[in-house]
Amino acid sequence: MRKLFVSLAVTATVFGIGAAPAEAATKPVLFTYVYVDSPGKDDRSAASLNKEYFRITNQLNRPVGLKDWSVKDAAGKVFRFGNVTLPKKGSFIVHTGKGTQGKPAGHFYWGSGNYIWNNTGDTATLRSPSGATMDTCKWKKVVTTKC
Ligand SMILES: [Ca+2]
């Protein structure tokens, strides 16, 4: 076993794998947009709730499985992804209201009966299944936030 590790270490050095690859410096998946203020009156209708949403984007050149990845607001409300895979360089949009997961393609639904993202300030936190923070997006006023 020890011999195998040594051999791998040497191989890694020779091919430069030991050095941090460019990809490691990049967040694999990050928030690229949070549409915090649903247009029109906040009447909690399905259409209005679903016009509030966030978007995450895969920065990598390979797909990323999102099973049990979660997104949390500052109040502790949590959305958890099911067994879905974010395509390489692809994006998913998660709407606040109800809908059929994955329909249309790339669209998911928090399933909430009320708004999630506070217009006047909030923080979105993306976590991997281990609980590691992968990205955060903060805002302090009514904006269409580009993260
Ligand atoms: Ca809102």
Side-chain angles (χ1 to χ4, degrees), residues 5 8-9 11-147:
F5 281 132
L8 283 173
T11 307
T13 305
V14 168
F15 290 100
I17 300 166
E23 200 174 88
T26 308
K27 294 169 183 175
V29 179
L30 76 176
F31 290 107
T32 45
Y33 207 82
V34 180
Y35 199 97
V36 303
D37 188 13
S38 183
K41 209 174 159 208
D42 279 1
D43 59 4
R44 296 192 199 176
S45 67
S48 175
L49 287 167
N50 282 335
K51 283 176 189 163
E52 187 192 72
Y53 59 87
F54 66 86
R55 184 179 69 194
I56 58 169
T57 300
N58 180 1
Q59 301 268 84
L60 306 183
N61 258 324
R62 60 174 174 77
V64 174
L66 293 183
K67 187 175 188 293
D68 291 332
W69 283 53
S70 64
V71 172
K72 189 169 71 78
D73 75 343
K77 286 172 279 199
V78 176
F79 169 81
R80 204 170 295 279
F81 282 96
N83 192 11
V84 294
T85 300
L86 186 53
K88 63 178 182 180
K89 303 287 184 185
S91 293
F92 280 170
I93 285 175
V94 178
H95 303 270
T96 291
K98 295 177 171 72
T100 304
Q101 306 296 356
K103 297 234 172 19
H107 290 256
F108 297 87
Y109 303 86
W110 194 298
S112 174
N114 204 347
Y115 300 90
I116 298 290
W117 305 114
N118 285 336
N119 299 354
T120 52
D122 213 334
T123 303
T125 304
L126 175 68
R127 288 204 168 90
S128 70
S130 70
T133 297
M134 305 307 283
D135 194 27
T136 58
C137 179
K138 288 184 194 187
W139 59 95
K140 289 182 176 168
K141 55 182 179 178
V142 180
V143 284
T144 298
T145 301
K146 282 188 181 172
C147 298

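We number each residue from 1, following the sequence as shown. We count ligands from 1, going down the list as the structure has it; atoms in each ligand are counted the same way.
Interatomic distance, Asn119 CG to Asp42 CG, rounded to the nearest 0.5 Å: 6.0 Å.
In this structure, the ring of Trp69 has its center no less than 6.0 angstrom from the ring center of Phe81.
Relative orientation of the Tyr53 and His95 rings is tilted, given thresholds of 30° and 60° on the angle between their planes. Between Trp117 and Trp110, the ring planes lie perpendicular to each other; the angle is over 60°, past the 30° to 60° tilted range.
Our summary of the site lists the angle at the Ca ion (ligand 1) between O of Val36 and O of Trp117 as 100°, to the nearest 10 degrees.
In summary, no N, O or S atom of Tyr115 is located under 3.0 Å from the Ca ion (ligand 1).
Per residue Glu52, closest N, O or S atom to the Ca ion (ligand 1): atom name OE2.
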